[in-house]
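Only one structure is covered here, and it is reproduced in the block below.
Bear in mind the structure is a predicted one, so any value in this text is a computation, not a measurement.
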Amino acid sequence: MTQHILKRKLPPERVITVSFACVILVGAILLMLPFSSRSGTFTPFLTCFFTATSATCVTGLVLVDTFTHWNMFGHLVIMALIQIGGLGLLTFTTFLNIALGKKLGLRGLKLASETVNSSSFADAKELIRMVVGMSMGVELLGALILSTTFVPQYGKYGLFISLFLAVSAFCNAGFDILGFQGEFCSLTNYTDNMVVQLTIMGLIIIGGLGFIVWNDLIRYRKTKKLLLHSQIVLTVTAILIVSGAILITMLEWDNPHTLGSLPVGQRFMAGLFQSVTMRTAGFNTIDLASMQEMTKIVSIILMFIGAAPGSTGGGIKVTTMTVFTMTALSIIRGHSQPIIRYRHVPSKVVYKSIAIIFLGLMIVFLTTGVITYTSPIDDFTLTGVDAVFEAVSAFATVGVSSGVTAVASTASQMALCLAMFIGRIGPVSFGLTIAATRKDNRREIIPEGKIIVG
């Protein structure tokens, strides 16, 4: 299918969008069949479509508990969707072509570089190899560490639990198969287990740094320097995790329904875990629906910013927010261009950052409106903040829930699916996909318009 799409010479953004849509559709059909569910009966298509979208878009929102509803085959389908969605179908097909010694051609190289957010065609093939190889290696290492907890508890099945959680965490998906401990429990039974929490957090952070940063860190021994992109990602990621952990811990410290019921040491760890997972992962060790509204607002901000470009995470991305923030500060300081670490940022990067934030806010606003209008949240002691929380969770492909998805109407479920899909491929890429063929107007002379702002 990929080769057929390439021959049609569609824009890279459209090829990537179509590939994700195809994976979702195939996954939904497989999950709908009787041999995917524990009951051995057909599952409603909308439930399967929602689950497949959530898994492929590495989100984690679910309508049914993953363990109690799906059987082993269903779990394998979901894990495959998470893996493909996290790295991208085109990443796998390109890697396979490279492994088989096939020539990609100029268009194939362009598509490969677009898939992994590489700015160089020459580096695309090497980056693809590194992405797939490192991803598999990190996931297996994570599974091995997790197995020290789950194998003693559950024997051979503990190996599968460990692998599933490792793939889900690395791909920032947030799916779990621990529902036999209690439906939708996620990792709430492991607040006292440092190995599980630290391993899951490590996998989430590594997956969220992005392929370009991995490559840059690997090359650091030779180059002894990091790209500006990598410096921003590492610095802002650390700032967001630490500040998020401090705020969540402070706000929830005395809440008996979240951190207040835990021993002091576990409160700090749980606060840190939630800060990490809000960066697009979707796991939780506390009851998120019981958090204070201010904590939910802090979480909304963390979710909306998200991870790094070219990563398994979502959100508008840390670099986008950095460019947007530094643009505002530079204008305030009287600079004609935004400056970051003594480097000026090109105008097209600034414009793209503004477009991403604007489109992201619009998607969140529209999704929130659909949820508020069509779902009876007032009947379940849910608030408008919960609706925004759920909308941002979907768009930023986080997957944490404050309880809205469980009572969402059909219209709300479809709105959440669309938000997840757009959030995974990127709002600008989605816009370019559905737009008409782009016209090159670089030679067109357009008169300047005088507009007063502020």
Side-chain angles (χ1 to χ4, degrees), residues 58 86-88 91 113-120 123-124 126-128 130-131 134-135 138 169-172 201-245 272 275-281 301-330 338-346 348-350 352-357 360 395-398 423-429:
V58 289
L87 301 185
T91 300
S113 62
E114 189 81 21
T115 303
V116 293
N117 280 55
S118 173
S119 58
S120 170
D123 295 336
E126 191 61 36
L127 194 55
I128 288 283
M130 185 274 294
V131 166
M134 182 174 173
S135 298
V138 171
F170 177 79
C171 291
N172 281 221
M201 283 192 287
L203 290 168
I204 291 169
I205 293 170
I206 294 171
L209 288 178
F211 312 137
I212 296 172
V213 177
W214 300 351
N215 194 45
D216 206 19
L217 290 172
I218 291 171
R219 291 181 173 184
Y220 183 75
R221 283 187 177 181
K222 295 182 179 179
T223 62
K224 300 301 179 183
K225 63 180 181 179
L226 294 174
L227 297 171
L228 177 61
H229 169 88
S230 300
Q231 294 177 43
I232 293 172
V233 169
L234 293 170
T235 301
V236 178
T237 295
I239 291 171
L240 290 174
I241 290 174
V242 173
S243 60
L272 176 61
S275 179
V276 171
T277 197
M278 289 300 174
R279 308 267 336 288
T280 84
I301 295 171
L302 292 173
M303 290 191 292
F304 189 72
I305 296 173
S311 71
T312 59
I316 61 169
K317 306 299 187 290
V318 292
T319 47
T320 303
M321 180 54 68
T322 301
V323 170
F324 181 79
T325 303
M326 294 310 297
T327 299
L329 292 176
S330 295
I339 299 173
I340 302 177
R341 296 193 180 227
Y342 305 103
R343 300 285 190 278
H344 75 83
V345 181
K348 65 178 182 179
V349 176
V350 175
K352 186 174 182 180
S353 299
I354 295 171
I356 290 170
I357 293 174
F395 167 71
T397 68
V398 181
R424 183 65 188 100
I425 64 175
V428 172
S429 295

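Each of Leu226, Ile232, Val233 was scored for a side chain to side chain contact (heavy atoms under 4.5 Å, CB included) with His229, with one residue passing: Val233.
Between Thr327 and Ser353 the shortest side-chain heavy-atom distance does not fall below 4.5 Å. Contact annotation: the side chain of Arg279 never approaches that of Ile204 to less than 4.5 Å [non-hydrogen atoms, C-beta and beyond]. At least one side-chain heavy atom of Thr320 sits less than 4.5 Å from a side-chain heavy atom of Ile357.
Within the 3.5 Å criterion, the main-chain N or O of Lys222 finds no donor-acceptor partner in the side chain of Lys224. Checking side-chain atoms of Thr312 against main-chain N and O of Gly207 turns up a donor-acceptor pair under 3.5 Å.
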(message) If you apply the rule side-chain contact (heavy atoms from CB on, under 4.5 Å), what do you find for Leu234 with Val213, and how did you get there?
(response) CA-CA 8 Å; Leu234 293 170; Val213 177; 4.2 Å; yes

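Trp214 contributes atom CH2, which lies 15.0 Å from atom CZ of Arg219 (distance to the nearest 0.5 angstrom). To the nearest 0.5 Å, atom CG of residue Leu217 and atom OG1 of residue Thr223 are 9.5 Å apart. Distance check, rounded to the nearest 0.5 Å: CD1 of Ile205 to CZ of Phe170 gives 12.5 Å. Distance check: Thr319 OG1 to Ile212 CD1 gives 9.0 Å after rounding to the nearest 0.5 Å. Atoms CG and OG1, on Asn172 and Thr280 in that order, are 3.5 Å from each other to the nearest 0.5 Å. The distance from atom OG1 of Thr322 to atom CG of Leu228, rounded to the nearest 0.5 Å, is 9.5 Å.
Residues Gly313 and Thr397 approach most closely at C-OG1, 4.1 Å, considering heavy atoms. What you find for Phe211 and Gly86 is that their closest heavy atoms are CZ-O, 4.4 Å. For the residue pair Pro338 and Ser330, the shortest heavy atom distance occurs at CA-OG, 3.2 Å. When every heavy atom of Met278 is checked against every heavy atom of Val398, the shortest pair comes out as O-CG2, 4.0 Å.
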Could you tabulate the donor-acceptor pairs under 3.5 Å formed by side-chain atoms of residues 339-346, not counting sequence neighbours?
residue, atom, partner, partner atom, Å
Arg341, NH1, Gln231, OE1, 3.1
Arg341, NH2, Thr235, OG1, 3.2

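With sequence neighbours excluded, the residues that form a side chain to side chain donor-acceptor pair (under 3.5 Å) with Ser230 are Asp216. Under the side chain to side chain contact (heavy atoms under 4.5 Å, CB included) criterion, Ser275 pairs with Ile241, Ala245, Ile248, Leu302, sequence neighbours left out.
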